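One structure below.
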Amino acid sequence: MTPKGNMSALYFHSAVAEWYGRNARDLPWRSEPYVSDPYAILVSEVMLQQTQVDRVVPKFNEFMAAFPTLAKLAAAQLGDVIRLWSGLGYNRRAVRLHLLAATVLELMGGELPSDVERLRALPGVGPYTAAAVACFAFGAAVPVAETNIYRVLSRVTWGVDGPSRKDLDATVAAFLPDKASPFSASAWHQALMDLGATICTARSPRCGLCPLRDVCRTAPLLRQSGERDLAKASVPYAPKQSMFAGSARFYRGRIVEVLRGLSGGQAMSLAELGFALFDAFDVQRDTERMNALVDGLARDNLVVREDEWVQLP
DNA sequence: TTCCAGGATG
DNA sequence: CATCCTGGAA
């Protein structure tokens, strides 16, 4: 299995640059004042973890208004950060972001590190976010690998028989812009993400609008059959999903959402929470489950429990 | 109604 | 490898 041989990085960059020039999404963290504020970039990237741009944009603006600096975030009540996170999902990200702010303030003099290594060590910052912040906020020419970029490069250079993760990481690195490229590393990765999010989508890619259709290894197959199965087959590492409704993570989300409705410092009893959650809450039968749910949330610092009383931290 | 997009962590 | 959440697409 090898990537298509006749593909020059220069052609790639030129075609995508031309497209990006006309189709770049106008996102708040891509313009002033946020684009030159590493903290703002970090916030946007944490929000973008597992969350689509459309849902992030309004929350990002709210968040920056409420916690305009890293110091302000560190000083904020965690419960207020969790409250603001409503609708984004994966609430633990809010907890980690708050912890990150405190960590940077205490250990790094309030200055976010600019290199992948040290960024990676911060809470809630994994390989993607570390690379994204280093590249987008500090201009580092490092490969940034996330699902859109993987999908675009996999389809274009490898085809439907997916490469290994290692192969694909090598591909991302191989296409990093050099001096001759019309792209900065930052703009290149953002262009690929825009392409993946708007054209080279997972379910039904719009190959007719893609600047890379003429060199894409997958486009001819998609055009020929137009089949969703084939589109799906060309998505690398699509995880299988487990049931959501009725699951622990479903009720965890509901609990936090109910507690958000309380004003700061106010608590709710376990039983009251139960009735708010289950249409047929039975104290005898469901108390054990409530305990498990709430204790799990408390372990993640998403709630604080005192005997029968629960509230946001 | 079901399906699915989307990174970090233990 | 399982867990963490939500809303929009199909």
Side-chain angles (χ1 to χ4, degrees), chain A residues 41-60 81-100 103 116 119-136 143-152 154-155 165 168-169 172 189 192-206 226-229 231-260 277 292-303 312:
Chain A
I41 303 290
L42 185 267
V43 169
S44 75
E45 291 304 338
V46 170
M47 286 187 171
L48 287 163
Q49 291 167 6
Q50 303 293 279
T51 309
Q52 263 109 302
V53 162
D54 289 346
R55 244 184 309 156
V56 167
V57 168
K59 283 295 165 183
F60 172 81
V81 184
I82 294 172
R83 247 183 279 276
L84 200 146
W85 209 261
S86 175
L88 283 175
Y90 294 106
N91 299 312
R92 288 190 292 189
R93 291 181 295 167
V95 177
R96 295 191 177 123
L97 191 52
H98 185 257
L99 177 61
L100 180 154
T103 305
V116 170
L119 283 163
R120 177 69 185 76
L122 294 169
V125 176
Y128 165 73
T129 307
V133 172
C135 184
F136 306 157
V144 178
E146 52 79 78
T147 174
N148 287 293
I149 292 176
Y150 276 143
R151 188 175 58 252
V152 173
S154 184
R155 277 180 174 157
R165 169 77 60 150
L168 208 37
D169 280 330
V172 176
H189 290 120
L192 281 186
M193 290 192 282
D194 282 17
L195 200 53
T198 63
I199 304 288
C200 193
T201 58
R203 290 196 213 194
S204 31
R206 306 153 70 191
E227 282 177 27
R228 256 204 310 290
D229 290 349
K232 268 180 67 178
S234 64
V235 176
Y237 326 123
K240 307 128 196 89
Q241 218 147 230
S242 46
M243 179 192 67
F244 176 60
S247 67
R249 107 212 279 134
F250 171 79
Y251 286 112
R252 283 169 56 102
R254 294 287 314 278
I255 290 173
V256 173
E257 188 56 32
V258 168
L259 294 177
R260 282 187 177 110
L277 244 57
L293 250 14
V294 167
D295 288 341
L297 286 166
R299 230 172 289 126
D300 292 334
N301 284 319
L302 275 161
V303 306
L312 292 185

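All heavy atoms count here, side chains included; hydrogens, waters and symmetry mates do not. In what follows, chains carry the letters A, B, and so on, assigned in the order in which the sequence lines appear, proteins first and then strands, with residues in each chain numbered from 1. Remember, predicted model here, so these are calculated numbers, not experimental data.
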Using a 4.0 Å heavy-atom cut-off across all strands, classify A:N91 as base, sugar-phosphate, or nothing.
sugar-phosphate
note: A:R165, atom CZ; C:dC1, atom P; distance rounded to Å ~ 12 Å
Rounded to the nearest 0.5 angstrom, the CG-CD1 distance for A:N91 and A:I255 is 11.5 Å
Sorted by position of nearest nucleotide on DNA chain C, 5' first, the leading residue of A:S242 and A:G87 is A:S242
Counting the atoms with a prime plus P, OP1 and OP2 as sugar-phosphate, which does A:L97 contact under 4.0 Å by heavy atoms, base, sugar-phosphate, or nothing? nothing
* To do: Assign A:Q50 to base, sugar-phosphate, or nothing according to its heavy-atom contacts below 4.0 angstrom with the strands shown.
  => base
Tell me whether the rings of A:Y237 and A:Y150 are parallel (<30°), tilted (30 to 60°) or perpendicular (>60°). perpendicular
Next item on the list: Look at all strands and tell whether A:T129 reaches a base, only sugar-phosphate, or nothing, counting heavy atoms closer than 4.0 Å.
Entry: sugar-phosphate
Inset, instruction - Assess the side chains of A:R96 and A:N301: does a donor N or O sit below 3.5 Å from an acceptor N or O? - result: no
What nucleic acid atoms does A:V125 come within less than 4.0 Å of, heavy atoms only: base, sugar-phosphate, or nothing?
sugar-phosphate
request  = I would like to know whether A:K232 and A:R203 meet side chain to side chain contact (heavy atoms under 4.5 Å, CB included); could you show each step before the answer?
outcome  = CA-CA 6 Å; A:K232 268 180 67 178; A:R203 290 196 213 194; 5.8 Å; no
* Asked: Contact class for A:R151 vs. all strands (heavy atom < 4.0 Å): base, sugar-phosphate, or nothing?
  -> sugar-phosphate
Rounding to 0.5 Å, atoms CG (A:L293) and CZ (A:R252) come to a distance of 8.0 Å
Rounded to whole Å, the OH-C1' distance (A:Y237 to C:dC1) equals 17 Å
Assign A:P239 to base, sugar-phosphate, or nothing according to its heavy-atom contacts below 4.0 angstrom with the strands shown. nothing
The answer to which of A:L122 and A:T51 contacts DNA chain B further toward the 5' end, by nearest nucleotide, is A:T51
Taken to the nearest whole Å, CG/A:L302 to C1'/C:dT3 is 13 Å
To the nearest angstrom, the CG-P distance between A:D300 and C:dA2 comes to 19 Å
*Are any of the side-chain nitrogens in A:E257 or A:R254 under 4.0 Å away from the carboxylate oxygens of its partner?*
no
DNA chain C nearest-nucleotide lookup for A:A248 and A:S204: closer to the 5′ end is A:A248
So the contacted stretch of DNA chain B, first to last nucleotide with an atom under 4.0 Å from a non-hydrogen atom of chain A, runs from B:dC3 to B:dT9
Using a heavy-atom cut-off of under 4.0 Å over every strand shown, decide if A:R96 touches base, sugar-phosphate, or nothing.
sugar-phosphate
### Query
Judged by modelled atom types alone, do A:T51 and A:R93 share a side-chain donor-acceptor pair under 3.5 Å?
yes
Whole-Å distance, A:Q241 CD to C:dA9 P, equals 16 Å
Separation of C:dC5 atom P from A:L297 atom CG, nearest Å, is 7 Å
note: A:I255, atom CD1; C:dC5, atom C1'; distance rounded to Å ~ 13 Å
**Asked** With a non-hydrogen cut-off below 4.0 angstrom, is A:Y90 in contact with a base, only sugar-phosphate, or nothing?
**Response** base
### Message
What I want to check is whether the side chains of A:Q52 and A:D54 have a donor and an acceptor closer together than 3.5 Å.
### Response
no
Here the distance between atom C1' of C:dA2 and atom CZ of A:R92, to the nearest Å, is 11 Å
